[in-house]
Structures are given as structure tokens and as C-alpha cells.
**Q** 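Attaching a single structure in C-alpha cells format; questions to follow.
Because only heavy atoms are used, hydrogens play no part in the values below, and waters and symmetry mates are left out as well, while side chains stay in. Reminder, nothing fancy here: chain letters follow the sequence lines and each chain counts from 1. Just so it is clear, the structure is predicted and the values come from calculations on it, not from any experiment.
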Amino acid sequence: MIDERVRRIVADHGKLGIDASRLSTDTDLYESGLTSFATVQLMLALEEEFSIEIPDRLLNRRTFQSIGAMSGVVTSLLPATA
Amino acid sequence: MTSEYTSRARALAQQVAAKFAEATDREARFPQETVAALREQRFFGMMVPTDDGGDGARLDDVAAVCVELAQGCASSAMIFAMHNIKLASLISHGQQSPWHRQFMGRIANEQLLLASATTEAGIGGDLRSSVCAVRTDGDNFELAKDATVISYGVHADAILVSARRHPEAPPSDQVLVAVLKNQYRLERISDWDTLGMRGTCSEGHRLTARAPTEQILPKPFAEIAAQSMLSSSHLLWSSVWFGIASDALARAQAFVRAEARKKPGTTPPGALRLAEASAMLQSVRSQIVAGLKRFDEARRDEEDLMSLGFAVAMNNLKVNVSQMVAQIVQHALLICGIQGYRNNTPYSLGRHLRDAQSAALMISNDRILSNTSTMLLAHRHETGLF
């Protein structure tokens, strides 16, 4: 579920050279053309979509490396629902 | 360690670089005497790790050498800086690759001079985008690049070239390849007749190369650019510019002293401005020292090295230093007056003034500021002192 919302954000803001629906969750987005400028746009969109704030320590290349990596970060920042 | 490099570089700058600086500038020619002296004194391998046959010097040492050389000849210092920026990329990203390790050994042993081809026609100065692509064919690759700038390309022994990973790769999916003089051909497409930095001979060339695929650096160029290239560029360029400003201020100070000697008991009119420029020079120096320290810390922590905070700090250093250095030289000119405006006086500042203007343009400050402004949408700036 989170993967699919992240995928939509990548499609809308990632400015990749390829179709986001064809990405697997572990495709390296940098190898698919993700630029540092687009990374910042992804970050802003993720924060808005999930009402989270990504802390400075997670603002690095690895966080945005793949759809799966972003989903993992988002999940870790969402309030626990139990 | 630093002081040993500094004293040797200072002597070389005074005895060789300064002597040929004027001819280098006037004729827009390669400073071959200074490069030969650097080679003879084995400066080109200083940063190569000791395991690979070099001195294992730190970036601080290289920065100190750049500062000294720039006080004699800014073009020579910039060539030395650029060589070391490529070397920093090899050292940071070539350790796992046997070919690149033996290449570093050769650089130290044979004192090879490295150049780079990272800008390209049709890209508009964006390092992180390529048109040309590596085309593999068995164990070899071919590459053709219309490089708008290859500084001292015809005088180099090897060139590091950025290109797309393969012919279908998007523009930002790049690799960096090292090609040796006998593996490439250069056809000049533009000359280098400029306002300043005339000795860097930064002509445009069409580069065609064929070489074994093992010469492609294993890491993506995106990482190389972010982790070593941009930061070492900003730090070493800033050191060169500091050297230009420092020599300009030394001339201004000599002028004020001479004035003071002529009229004992009075403070010459230029003295106040000299004090102002000296404060600016101190600020530039502090920023470079802090930047080198920041780099040294980040070097040990890949997370930090790839962080927005580090990139913002390096961008800010470049923009600040390039602007202040131009102001300092301008101040020096006001102090020396017509004696500074004239060529061929001990206080001449024309070359300094022209060389310093390049600082804001070598990767345009406007481009850097716009890049920083994007990063500041994400990065929260540092609020504390330590």
C-alpha cells in the first residue's frame, strides 16, 4: 500500500527517463535518472502525502535510492498503529 | 608535514612560477617551466596513497601547495589543483579496482599529469548530465565526446572523462573513465583566449577514445561527483583564489609601507583600506581552513559525505570565497592606485584582477546558488556553533 503511494509520487515528481509503473521496489532510481534536484521534490511530496517530517539524518542518497527504501523510511516515521 | 610541502612549494613559486607568470599570461601559454619543476620535485604523486607508491599526503597539504603556487602564478596553481581533484576521485573511488590502483602507482612513479573532460556541448555546463555514452564491445569500449573545455588537454598524460553508462542510459546515469594519452585523440574545436587564467589552456576538444572496460571506474559518477569531486574542487579552487588575493594584498601592503616610509609620522591614505582587506582575507582563510576540517570529518563517514548539509557547506564556501577574493583584489588596486593599474611595476595588479574574475564563473555562482536554494528546501541550516 505504502509502496503504491510512493510509486505514484515517483511517477509525479521523479522526472525519470522511464515509466514508473515498470519499476520494481528495489530498482535503483539513480541509475534510472533520478537527479538531486528531483530528490528534493520527492522528499517534499513524501512529507506532504504522509504528513511526516524526514529528519536531517535520513536526508541522504540511500533514503531515496528505491521505492522500497522510501517506503521503509516512511513506515519508520509513521505513528505506530497497534 | 604541511610545513615541509609549504616551504618547498613556496620556493618553487618564487623561483619558477612567479618568474614565468607574466609570459604565461601574456602569451596564454602552458606554464611548462612550473609544471616541469613540479614534476621534478615529485609533487604530482603527493596525494597517491603510500601503498600505491605516493606520499599519502592529505588534501590539506595539497591545498597549502595550491595557495603557495597561486602567489607566483595562478594558472599554474589551478593546473595543480585540477590534477589533484581528478586524483582525489581516483583515490576515493578506485581503491577496489586493480587497474586504477596500478594507474595511481604510475601517476606517482612517472609523475603523470591528469586532466578531465566533464563538460560537453549541448549540456549547458551541467556536470551531472551527459550526451555521449560508453559503447562496449567485448573487453573494450569506445567513446566520443565534444568536450567544450579540456583544461591543458594537449599537455596531459591521461584524461578522466564522464559519459552515460551505455547508449540507452538516461543523461544522469553516468560513469567516469580514465583514458591514457595513447588511447585517445583530441581535435581542437575552440581556443582559449580569455580575460584571465590564460595559462590553463582550457581549449575545447572533440575527444575520441578506445580502451579496455577495466578503465571504467566501478562507482557511479553521481557518487564520485558528490563524494569527492565537487568538494575537492571547491576546496582546492578556493585555495588557489586565496593565493591570488594573498599576493594582491602583499603588494598593497608593500605599497602602503613604502608610502609610510616616505612620510614618517603620518598614516598613508591606503592604510585603512588595507586593514579592511586584511579582515576579508582572514575571513577567506578561516572559511577554507574550516572547509578542509569539515571535509576531513565527512571523509570518514559516507552518510555525512552524501548529506545535503555537507553539500550546502561546500557550495557556500565556493560562493563566499569567490566573491570575497574579487573584492580583496579590488581593494588592493584602490590602495596601489595607478601603480597597481600599470603593468610592469612591483605593485601591478592587472593579472590578479583578471585571474580573480574567473572564480565566480568556474561553475557559475548563480548555478551553485540555485542548486543550494533547492537543497535548502530540505536541509535545515546549522544553528549552533559546534
**Q** Looking at every heavy atom in both T374(B) and V40(A), which two are closest together, and how far apart are they?
**A**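 Closest approach of T374(B) to V40(A), heavy atoms only: O-CG1, 3.4 Å.
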**Q** Tell me, side chain or backbone of L44(A) under 4.5 Å from chain B's heavy atoms, or both, or neither?
**A**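 The side chain, not the backbone.
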**Q** Do other residues, nucleotides or ligands put more than 12 heavy atoms under 6.0 Å from D19(A) CG?
**A**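 Yes, because the 6.0 Å sphere around CG of D19(A) holds more than 12 heavy atoms from other groups.
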**Q** Should we say atom CZ of R135(B) is surrounded by more than 12 heavy atoms from elsewhere, each under 6.0 Å from it?
**A**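 No, CZ of R135(B) has 12 or fewer neighbouring heavy atoms, counting only those of other groups under 6.0 Å.
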**Q** Determine which residues belonging to residues 49-57 of chain A lie within contact range of chain B, meaning some heavy atom pair is under 4.5 Å apart, and list them by number or answer 'none'.
**A**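 Listed by number, the contacting residues are E53(A), I54(A), D56(A), R57(A).
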**Q** Let me confirm one number: the CG-CG distance from D173(B) to L16(A), rounded to the nearest 0.5 Å.
**A**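 Rounded to the nearest 0.5 Å, the CG-CG separation comes to 11.5 Å.
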**Q** Where does S32(A) contact chain B at under 4.5 Å (heavy atoms): side chain, backbone, both or neither?
**A**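 It is the backbone, since no side chain atom gets that close.
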**Q** From L308(B) CG over to M43(A) CE, what is the distance, rounded to the nearest 0.5 angstrom?
**A**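 Output value for this atom pair is 8.5 Å.
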**Q** Can you give me the closest heavy-atom contact between S172(B) and L34(A), atom names plus distance?
**A**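 Between these two residues, the closest heavy atoms are OG-N, 4.1 Å.
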